[in-house]
Undergrad: 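Before I ask anything, let me first share the structure, which is written out below as structure tokens.
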There are 2 protein chains.
Amino acid sequence: MEFGQIRRSEQLPARIAAQIARDITEGRIRPGEKLPTEHFLAKALGVSRSVVREAIAQLRNEGLVETRQGVGAFVTEPHARPIRIEQDDLANRQSFRDLFQLRVPLEIEAAGLAALHHTPDDLQRIDEALASMSGAEKWTAEGIVADLAFHRAVAAATGNEYFAVFIGFIAERISLAINAARAAAVLEEIVEVTIKEHVVLRDAIASRDPRRAREAMKMHLLGAARRLDLTLESY
Amino acid sequence: MEFGQIRRSEQLPARIAAQIARDITEGRIRPGEKLPTEHFLAKALGVSRSVVREAIAQLRNEGLVETRQGVGAFVTEPHARPIRIEQDDLANRQSFRDLFQLRVPLEIEAAGLAALHHTPDDLQRIDEALASMSGAEKWTAEGIVADLAFHRAVAAATGNEYFAVFIGFIAERISLAINAARAAAVLEEIVEVTIKEHVVLRDAIASRDPRRAREAMKMHLLGAARRLDLTLESY
DNA sequence: CATATAAGGTTATCAGACAACCTTACAATG
DNA sequence: CATTGTAAGGTTGTCTGATAACCTTATATG
């Protein structure tokens, strides 16, 4: 039983912002159109105007609307939005598999780059993460942190800032989804295999042979997919 | 002189949010640390608490902080945040190259999956993007939109929601950065080569041969990198 | 026709109050 | 002594009401 994972209910501004955002992204309010006034929204939604303002501030920050004092809030033309993946998004198996599948080529490439570019500091960080993982007796929060740290250390060793950002982002969400879906005891047998594969990967990176590192990462991820009962294409 | 383009002075919440965000991203307030209380910030900054709250709502929406009622606002871990890449971020060549390098394995994998999974609708959308691109006389906004549409259509044909999300995000940022960095005339000669490579890729996907599709995407992207004077590792 | 002013409406900010929640300290109980 | 309950103090979340700043439209004036 894992405490500290209880979700707090969302606050009013966030809920209202999400609802308006949905209306926008689903085309019910189109670019150039004006949102109802703050006063109207407050009345219609049964909240204070402050809450509406905070929601609109969020939408403005996301670039979904722009406000003109004295006139109103207008929906902007669609443009690039950040990538977000909430824990709820990965509750269904298909989405989880999709993200895992995305992870594979990224981390294989990262392994190859890490073999080419790692520094002694990078290797030390990889080793520290490995050591933390060996110490974890079970697939507990510590083990998850160590597994994440290992993958992040590999990504950082690529010397490419965006591999570090994207892999850190993806690996964390996958780990959290696994943790949310599994009882700790079930994962215990997986840890030993994972550590072995991590060691092989570490050694491959240290050998500065990118082909070997890529192969080791591929084996590790395909093994992880199998252990998670995920079917991925192979060719 | 462009009227209607005059920048409105930023509102107080946006300015305060930006300042706090700077303090966070520049390490003056670290992950896990608590922000000063709303009351304190309002007094220190000489604004009302509502303004502070709107600013914090923005930061919360950006994922930079999380708030706990009765306790305070805390800076989140970097990997808990959404992925954002602003156009400014790609103004320096190293960052642009890093993102391009990240793009390569993703789109190669996407080509393979698209070869396996595409539907007739997917293929039609790829063809429509190709047709739009052939019609563009120059590397104009239309050409950029068509190029993006092509890559997005390929990503959508994977049948994997996250390939679509991530590749769409990355390809768009790269296209915008290229557009910002180049005069239109300089890119004109690139268009013809790009179209040829797109056609080869399209045919490879349609053939349902993932190896051939991957090879075609690899050639296209490595060619694009060469044309952009980017040096990528090969192995 | 052009310019100035007034009126009405909307967003931006301010101030103050109370609700809900959290943390800490202290008292009561077994 | 350990555990449970309660009170106090502080913080965020929401509400109410007011004024400032801005925008648009209508009307008056030269």
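Values below: all heavy atoms of this structure, side chains included; hydrogens, waters and symmetry mates excluded. A note on names: the letters A, B, ... follow the listed sequences, proteins ahead of strands, and every chain is numbered from 1.
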Undergrad: For A/Phe74 and C/dT11, what is the distance between atoms CZ and C1' respectively, to the nearest whole Å?
TA: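 Computing the A/Phe74:CZ to C/dT11:C1' distance gives 11 Å.
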Undergrad: Restricting to side chain to side chain contact (heavy atoms under 4.5 Å, CB included), what partner residues turn up for B/Ile24, sequence neighbours left out?
TA: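 Per chain and number, B/Ile24 pairs via side chain to side chain contact (heavy atoms under 4.5 Å, CB included) with B/Ile20, B/Ile29, B/Leu64, B/Val65, B/Val75, B/Arg81.
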Undergrad: Residues two or more places apart in sequence or in another chain: which of them pass salt bridge (Lys or Arg N to Asp or Glu O under 4.0 Å) with A/Glu33?
TA: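 With neighbours one apart ignored, the set is A/Arg30.
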Undergrad: Rounded to 10°, tell me the angle between the two end axes of the helix from C/dC1-D/dG30 to C/dG30-D/dC1, each built from five pairs.
TA: 0°
Undergrad: So, using salt bridge (Lys or Arg N to Asp or Glu O under 4.0 Å) as the criterion, who are the partners of A/Asp89 when residues are at least two apart?
TA: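 Salt bridge (Lys or Arg N to Asp or Glu O under 4.0 Å) list for A/Asp89, sorted by chain: empty.
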Undergrad: Classify the ring geometry of A/Phe96 against A/Phe100: parallel below 30°, tilted from 30° to 60°, perpendicular beyond 60°.
TA: tilted
Undergrad: Could you list the residues that satisfy salt bridge (Lys or Arg N to Asp or Glu O under 4.0 Å) with A/Glu38, not counting sequence neighbours?
TA: A/Arg49, A/Arg53
Undergrad: Spell out protein contact along nucleotides 6-14 of chain D as letters: B when the base is contacted, S when just the sugar-phosphate is, - when no protein heavy atom is under 4.0 Å; keep the 5' to 3' order.
TA: ----BBBBB
Undergrad: Sequence neighbours excluded, which residues qualify as side chain to side chain donor-acceptor pair (under 3.5 Å) partners of B/Gln124?
TA: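 Partners of B/Gln124 by the side chain to side chain donor-acceptor pair (under 3.5 Å) criterion, ordered by chain and then number, come out as B/Glu128.
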Undergrad: Not counting sequence neighbours, which residues clear side chain to side chain donor-acceptor pair (under 3.5 Å) with B/Arg28? List them please.
TA: B/Asp23, B/Glu26
Undergrad: Under the ring pair (Phe, Tyr, Trp, His ring centres under 6.0 Å) rule, what pairs show up with a residue in residues 21-76 of chain A, not counting sequence neighbours?
TA: none
Undergrad: Without decimals, in angstroms, what is the distance between A/Lys43 NZ and C/dT10 C1'?
TA: 16 Å
